[in-house]
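Here is the structure we will look at.
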Protein chains: 2
Amino acid sequence: MTDELMTIRQMCDAFEVTARTLRFYESKELISPLRDGQRRLYGRRDRARLKLILRGKRFGFSLEEIRQMLDLYDLDDGQETQFRRTCELARERLAVMERQRLELDDAIAELRGQISWGERKLADFDKRKPAAE
Amino acid sequence: MTDELMTIRQMCDAFEVTARTLRFYESKELISPLRDGQRRLYGRRDRARLKLILRGKRFGFSLEEIRQMLDLYDLDDGQETQFRRTCELARERLAVMERQRLELDDAIAELRGQISWGERKLADFDKRKPAAE
DNA sequence: CGTTACGTTTACGTAAACGTCAGCGGGCCT
DNA sequence: AGGCCCGCTGACGTTTACGTAAACGTAACG
């Protein structure tokens with residue numbers, strides 16, 4: 001119904017996080033929901049940011065790093081120097097991620113090799129005692 | 001000279017880790033250097049394992065997960081059940097890594113988009129004040 | 001009016017992965 | 001013999017990213 005503003009519980013269900021996590025992110029200034037008195041109300045902007053936060057986390061970025069990246073999305077718009085700095089940060093981050101991609105590919109290949117070696121070994125086991133039933 | 005056996009200091013220099021880290025990994029049974037009395041001596045096997053440990057860490061695997069992966073490389077060779085279990089673990093790990101790869105590609109694409117958007121914005125800045133010197 | 005559900009703040013707890021520090025011994029140089 | 005560096009072993013401190021619990025507010029339900 002109110003898909004514009006969501007309660008904390010709705011957010012938890014939608015993103016599979018705990019309320020504690022949302023409050024924690026807020027305390028770290030990663031999101032800043034509106035208030036209805038005391039109660040938090042999360043809008044589209046908060047949902048977009050949370051989505052990015054969760055993805056960032058999956059790559060092992062720290063919340064602090066994520067916070068800096070998020071600043072890309074809403075800058076003072078006029079602070080050119082700050083803007084350039086933020087772009088710079090993003091490019092560095094991109095370089096890190098691309099390097100990680102290479103290493104990940106490498107590691108995947110290696111692990112694949114180990115597994116197929118293991119499977120040949122298992123085939124040997126099966127040959128040595130062919131009939132179990 | 002002795003490229004077969006290395007002291008802890010040589011290892012630190014070679015891999016850019018602290019001695020504390022090496023001892024810590026040992027306490028977690030990730031590596032098991034020889035001893036000359038009290039002193040640790042690291043061989044080729046230890047270096048290979050350390051290399052894998054450091055790579056694993058870069059992907060966000062925990063030391064405990066890494067330890068399990070390392071067990072692929074030296075299994076009891078005879079404990080078939082244990083062997084199957086380990087292979088199983090490796091396949092799960094591989095699936096995780098492949099999923100990570102997809103997400104990483106996704107994030108890289110998105111970050112690239114943000115950056116090029118930012119660069120267009122910067123071009124606008126330059127146009128509005130074309131001559132600085 | 002009691003209780004049930006949801007929300008809030010504040011505060012302490014925890015696991016991982018080390019850093020840092022203290023205290024000790026051994027070897028080597030002079 | 002004195003000093004110095006290397007290494008060893010605890011033991012405690014630190015950071016990150018939350019979990020967990022206590023204590024309270026409020027709003028609806030029966």
Side-chain angles (χ1 to χ4, degrees), chain A residues 1-2 4-43 46-47 49-71 93 96 100, chain B residues 1-2 5-43 46-47 49-71 93 96 100 103:
Chain A
M1 312 294 175
T2 46
E4 175 56 29
L5 291 181
M6 292 171 62
T7 74
I8 200 170
R9 193 70 22 205
Q10 290 172 319
M11 288 291 281
C12 294
D13 295 347
F15 290 93
E16 308 216 275
V17 295
T18 68
R20 173 72 177 105
T21 298
L22 292 177
R23 297 193 196 101
F24 181 73
Y25 289 167
E26 185 180 346
S27 79
K28 296 284 165 147
E29 295 180 276
L30 289 165
I31 42 183
S32 43
L34 296 174
R35 294 296 181 119
D36 165 28
Q38 286 277 65
R39 275 82 186 288
R40 292 162 171 84
L41 288 177
Y42 298 84
D46 300 304
R47 292 194 287 274
R49 292 178 71 105
L50 180 55
K51 194 173 156 189
L52 291 171
I53 292 167
L54 295 179
R55 178 149 63 190
K57 266 176 54 72
R58 271 180 248 125
F59 309 136
F61 292 114
S62 75
L63 291 184
E64 175 53 25
E65 287 171 322
I66 291 170
R67 199 183 58 73
Q68 289 175 25
M69 292 177 67
L70 280 175
D71 290 349
R93 199 65 62 206
V96 170
Q100 267 192 20
Chain B
M1 312 288 179
T2 45
L5 291 180
M6 292 171 60
T7 74
I8 200 171
R9 192 78 10 213
Q10 291 173 319
M11 288 290 282
C12 294
D13 295 348
F15 291 92
E16 308 216 277
V17 294
T18 68
R20 174 72 178 103
T21 298
L22 292 177
R23 297 192 197 103
F24 181 72
Y25 289 166
E26 186 179 345
S27 79
K28 296 284 166 147
E29 295 181 274
L30 290 164
I31 42 183
S32 44
L34 297 173
R35 294 294 181 123
D36 167 27
Q38 286 278 63
R39 273 82 184 288
R40 291 161 170 85
L41 289 176
Y42 299 84
D46 300 303
R47 291 194 289 274
R49 292 177 71 104
L50 181 54
K51 193 173 157 190
L52 292 171
I53 293 167
L54 295 179
R55 178 152 63 192
K57 267 176 52 74
R58 270 179 250 126
F59 307 137
F61 292 115
S62 75
L63 291 185
E64 175 54 24
E65 287 171 320
I66 291 169
R67 198 184 58 73
Q68 290 175 24
M69 293 177 67
L70 281 174
D71 290 350
R93 197 67 60 209
V96 170
Q100 266 191 23
E103 286 176 22

Do any side-chain atoms of residues 16-25 of chain A form donor-acceptor pairs under 3.5 angstrom with protein atoms, and if so which ones, sequence neighbours left out?
from     : atom 1 : to       : atom 2 : distance (Å)
Thr18(A) : OG1    : Arg20(A) : N      : 3.4
Thr18(A) : OG1    : Thr21(A) : N      : 3.1
Thr18(A) : OG1    : Thr21(A) : OG1    : 2.9

- Is any side-chain N of the basic residue among Arg93(A) and Glu65(A) closer than 4.0 Å to the acidic one's carboxylate O? yes
Nearest heavy-atom neighbours spanning [X] and [Y]:
X	Y	answer
Asp46(B)	Gly43(B)	OD2-N, 2.9 Å
Arg47(A)	Glu4(A)	NH1-O, 3.2 Å
Met6(A)	Met11(A)	CE-N, 3.8 Å
Leu70(A)	Leu30(A)	CD1-O, 3.9 Å

- Query: When we call it a touch if two heavy atoms are under 4.0 Å apart, what does Arg23(A) touch: a base, just sugar-phosphate, or nothing?
  - Reply: base
- For Thr21(B) and for Lys28(B), locate the closest nucleotide of DNA chain C by heavy-atom distance; then report the residue assigned to the nucleotide nearer the 5' terminus. Lys28(B)
- Task: Would you indicate, yes or no, if dG19(C) has its OP1 or OP2 atom less than 4.0 angstrom from a side-chain nitrogen or oxygen of Thr18(B)?
- Result: yes
- OP1 or OP2 of dC18(C) under 4.0 Å from side-chain N/O of Lys57(B): yes
- Query: Taking 5' to 3' order, which nucleotide of DNA chain D is first and which is last to have an atom within less than 4.0 Å of a heavy atom in chain B?
  - Reply: dC6(D) to dA11(D)
- Note on the structure: Whichever of Arg39(A) and Phe24(A) has the more 5' nearest nucleotide on DNA chain D, that residue is Phe24(A)
- Spacing between Asp36(B) atom CG and dG25(C) atom C1', to the nearest angstrom: 14 Å
